[in-house]
Amino acid sequence: MERADELIDASLVTSPAPRAPLARRRSLDQSAWTLAATTALLLGAAFAVAKGVGGLNAPALQAWRTICVAIVVQALPFLLLGTALSGAINAFVPAHVFSRVLPRKPALAVPVAGAAGVVLPGCECASVPVAGSLIRRGVAPAAALTFLLSAPAVNPVVLTATAVAFPGRPEMVVARFLASLITAVVMGWLWIRLGRAEWLRLPVRTGGHRPGHSRWEEFRLGFQHDFLHAGGFLVLGAMAAATFNVAVPHSVLDTFSGSAWLSVAFLAALAVVLAVCSEADAFVAASLTGFSPTARLTFMVVGPMVDLKLIALQSGTFGRAFAARFSTATTLVAVACSALVGWWIL
């Protein structure tokens, strides 16, 4: 009897332990729903405030709403694709697969990850959750971040769109491919040299398949968490981009187009704030006929790697400290690579 009592007492002490993952999962789901609800409230509040301000005319408000919704609708399918792929990687792909595909040395894994972006069509919104999932599965951060930058910039869909936007100018397609790939690889190598692990703050989430659990249930929970988590920051970035589009007059474009260096810097900044999807930015660049080819190349290289919605997504996925450092460095490297490649090819 004493032995039985001891066993009962021990079971009472140890029984709560298996419930910890479930409690943590519920906490994550509640946090994701809270973020989504907060974002919806912010969007509704922005509309209400805009309607209540007498200084805003109806066309400007309508333009703000149209741009904001257009950015979200344009990016949403690719965000769905990216979060679904992230959940699938987490639930179905064993961790040892990545160690077999990528070289063990991070310096060699970086160019391989950059080249992998060529074969995976996707938008920049999709690459953020996928990169986060790769890091959680043990991929070197430098390789995952290289893929994050290259996938939306050098895939066949983007290059085909660039060829259509610039008919009869194959050098623009080649220049975009080279400048984007070089930027992604250089940023990966810079992370190896200067990056710190404490700058990355990945959301707490159970990684990989756990024995005794349904893979499809793990996929559903991972997809739900990543989509709600990233979707809120996508909306915030779209709101910021729409505000800039409405607030800045088009006459500002004419002020910068006359100088070669100012036009490059200006279109780099414009790419950040416009937040155009990488599959569509070539058509926007082609319409900016008053700017030099190198400046328009800079617009297409910077945009898929750094824009307001991406900064918001990276802040939510990796932390604000990472997003501030990484986006700033990426912008500088992308502008430098665009200028060099444009001078060489264009």
Side-chain angles (χ1 to χ4, degrees), residues 35 39 67-68 70-83 85-86 114 117 120-135 141 144-155 158 179-180 183-184 187-188 191 199-203 226-227 229-245 267-282 284-285 298-335 338:
L35 176 60
T39 302
I67 294 171
C68 184
I71 292 175
V72 173
V73 172
Q74 185 183 50
L76 198 58
F78 299 101
L79 183 62
L80 279 168
L81 172 64
T83 50
L85 183 58
S86 172
L120 182 61
C123 185
E124 56 267 29
C125 298
S127 64
V128 175
V130 171
S133 180
L134 291 175
I135 295 176
L145 296 176
T146 301
F147 177 80
L148 182 152
L149 296 177
S150 68
V154 299
N155 67 70
V158 170
S180 300
T183 299
M187 283 302 302
W191 180 264
W199 292 348
L200 281 172
R201 181 188 56 79
L202 287 172
D226 281 352
F227 178 73
H229 190 269
F233 289 97
L234 170 63
V235 174
L236 292 177
M239 292 170 64
T243 301
F244 178 88
N245 276 270
L267 285 194
L270 191 66
V272 173
V273 297
L274 285 185
V276 182
C277 191
S278 59
E279 278 79 3
D281 62 355
V284 177
T298 303
F299 179 87
M300 294 187 293
V301 173
V302 173
M305 298 184 180
V306 186
D307 61 35
L308 290 180
K309 69 177 185 295
L310 261 181
I311 294 173
L313 285 169
Q314 291 177 8
S315 298
T317 304
F318 302 116
R320 286 178 294 180
F322 167 85
R325 293 181 175 92
F326 191 74
S327 59
T328 302
T330 302
T331 303
L332 295 175
V333 173
V335 171
S338 301

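Side-chain atoms are counted along with the backbone in the values below, which use heavy atoms only and exclude waters and symmetry mates. Here, residue 1 is the first one in the sequence, and each next residue gets the next number. The structure presented is a predicted model; accordingly, all values stated were derived computationally and were not measured.
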S.K.: Which distance, rounded to the nearest 0.5 Å, do you find between the OG1 of T146 and the CH2 of W191?
M.R.: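 Answer for the OG1-CH2 pair, T146 versus W191, is 11.0 Å.
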
S.K.: Distance from L149 atom CG to F326 atom CZ, nearest 0.5 Å?
M.R.: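 One finds 4.0 Å between CG of L149 and CZ of F326.
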
S.K.: Is there a side-chain contact between L270 and L267, using heavy atoms and a 4.5 Å cut-off?
M.R.: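 When only atoms from C-beta onward are counted, L267 and L270 do touch, with a gap below 4.5 Å.
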
S.K.: Work out which heavy atom in A144 is nearest to a heavy atom in I135; give both atom names and the distance.
M.R.: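 Closest approach of A144 to I135, heavy atoms only: CB-CG1, 3.5 Å.
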
S.K.: Who passes side chain to side chain contact (heavy atoms under 4.5 Å, CB included) against R325, sequence neighbours left out?
M.R.: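 W199, A321.
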
S.K.: Once side chain to side chain contact (heavy atoms under 4.5 Å, CB included) is applied, do any residues pair with A271, and if so which ones, sequence neighbours excluded?
M.R.: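 Checked A271 against side chain to side chain contact (heavy atoms under 4.5 Å, CB included); matches are F299, V302.
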
S.K.: For the atom pair CG (L148) and CG (L310), what is the distance rounded to the nearest 0.5 Å?
M.R.: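 With rounding to 0.5 Å, CG (L148) is 7.0 Å from CG (L310).
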
S.K.: Check V306 against S327 and note the closest heavy-atom contact, atom names and distance.
M.R.: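 For V306 versus S327, the nearest heavy atoms are CG2-O, 3.8 Å.
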
S.K.: What's the separation between atom CG in D307 and atom CG in L313, rounded to the nearest 0.5 Å?
M.R.: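 Here the rounded value is 8.5 Å.
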
S.K.: Would you say P304 and V158 make side-chain contact, with heavy atoms under 4.5 Å?
M.R.: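 The answer is no, as the side chains (C-beta and beyond) never meet within the 4.5 Å cut-off.
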
S.K.: If every non-hydrogen atom of M300 is compared with every non-hydrogen atom of D281, which pair is closest and at what distance?
M.R.: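 Nearest heavy atoms, M300 then D281: O-OD2, 3.7 Å.
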
S.K.: Rounded to the nearest 0.5 Å, what separation is found between the CG atom of L134 and the CZ atom of F147?
M.R.: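 Those atoms lie 6.5 Å apart.
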
S.K.: Please give me the minimum heavy-atom distance between M305 and A184, naming the atom from each residue.
M.R.: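 Heavy atoms only, the tightest pair is CE-N, 4.3 Å.
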
S.K.: Calculate, to the nearest 0.5 Å, the distance between atoms CZ and CD1 belonging to R320 and I311 respectively.
M.R.: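 The distance works out to 14.0 Å.
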
